[in-house]
Visitor: 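One structure follows; several queries about it will come next.
Read the numbers this way: they start at 1 and go in the same order the structure lists the ligands and their atoms. The analysis underlying the following values was restricted to heavy atoms, covering all of them including side chains, and did not include hydrogens, waters or symmetry mates.
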Amino acid sequence: MTDREKQLHHILERYEKAWIGFALAMVLLFIAIIAFTLANHGLRGVVPVGELELVDPATVRFEGPWADPERAVVQTGPNQYTAHVLAFTFGYLPNPVVVPKGAEIVFKVTSPDVLHGFHIEGTNVNVEVLPGHVAIVRYTFREAGEYRIICNQYCGIGHHRMFGAVRVVEPEEFAALTGKAEVN
Ligand SMILES: [Cu+2]
């Protein structure tokens, strides 16, 4: 190696060290931002609940909270509702899932057949649905309207047309709707 080559090699190594330092600093910044998001929104949000909740995919359509799509959305607190959603080949039940605006919605999603995705378009709700397991995520809709549910996990020949809907209505409309359901 000539002196010139040695000198160039040294410069290269210095730049490389600077790049590694910069890349590490960026990664640490990302981790800090992720931690911030988790602390502020994640633990009671769209991060799937960690506890294992098992269900029998063979009977989930016939017994338990997923059996009757008419009664899939139940009030579980002063401003909290649990929506039991079934993701199956190739659709979602109930369809639409009707929930009130401004309330915390705990989605409990499961599958009677194969793996599906549960992605609510326009939101951060994006969870895998495994048969035998209950995927639990929380979301509060701030705007009324129709949200599309997209299956984003390949599940068979009908995957590309597997959609559902969440209809977010004003609390008064929701009360009127559920009131009517009670009478029927
Ligand atoms: Cu699919």
Side-chain angles (χ1 to χ4, degrees), residues 30-31 33-34 37-38 40-77 80-170 173-174 177-178 181:
F30 288 156
I31 291 170
I33 294 169
I34 291 166
T37 310
L38 270 181
N40 288 282
H41 313 281
L43 299 176
R44 284 188 65 81
V46 296
V47 176
V49 170
E51 290 106 72
L52 192 62
E53 194 173 322
L54 298 175
V55 70
D56 184 357
T59 59
V60 74
R61 280 184 168 191
F62 313 111
E63 54 192 53
W66 289 272
D68 182 4
E70 298 273 304
R71 308 216 178 282
V73 180
V74 291
Q75 187 157 12
T76 42
Q80 189 195 59
Y81 296 82
T82 294
H84 299 87
V85 180
L86 208 57
F88 60 94
T89 50
F90 299 100
Y92 296 90
L93 275 175
N95 192 21
V97 186
V98 182
V99 296
K101 186 180 98 176
E104 183 182 52
I105 311 300
V106 181
F107 287 98
K108 290 195 167 193
V109 194
T110 192
S111 163
D113 41 61
V114 298
L115 175 78
H116 295 286
F118 183 76
H119 172 45
I120 305 178
E121 197 178 33
T123 75
N124 280 343
V125 176
N126 185 9
V127 67
E128 267 189 344
V129 182
L130 280 93
H133 293 247
V134 182
I136 306 170
V137 289
R138 299 160 193 272
Y139 195 78
T140 303
F141 293 90
R142 300 282 171 209
E143 305 257 338
E146 192 100 1
Y147 295 73
R148 186 158 65 153
I149 305 171
I150 300 169
C151 176
N152 57 1
Q153 292 283 353
Y154 184 72
C155 54
I157 196 82
H159 170 63
H160 63 288
R161 55 181 166 82
M162 178 168 167
F163 298 103
V166 178
R167 193 150 76 85
V168 180
V169 298
E170 299 295 334
E173 193 186 342
F174 186 79
L177 283 169
T178 45

Visitor: Given Gln153, which of His116, His119, Glu128 fulfils the side chain to side chain donor-acceptor pair (under 3.5 Å) condition?
Guide: Glu128
Visitor: Report, as yes or no, whether the 6.0 Å neighbourhood of atom CD1 on Ile157 holds more than 12 heavy atoms from other residues, nucleotides or ligands.
Guide: no
Visitor: Under a 4.5 Å cut-off applied to non-hydrogen side-chain atoms, are His84 and Leu86 in contact?
Guide: no
Visitor: Please name the residue in the list Tyr81, Phe118, Tyr139 that meets the ring pair (Phe, Tyr, Trp, His ring centres under 6.0 Å) test with Phe107.
Guide: Phe118
Visitor: For Val168 versus Glu143, what's the shortest heavy-atom pair and its separation?
Guide: CG1-O, 3.6 Å
Visitor: Anything protein N/O/S under 2.8 Å from the Cu ion (ligand 1)? Just list residue and atom, please.
Guide: Cys151 SG, Gln153 O, Cys155 SG, His159 ND1
Visitor: Answer whether the closest heavy-atom distance between the side chains of Gln80 and Arg138 falls below 4.5 Å.
Guide: yes
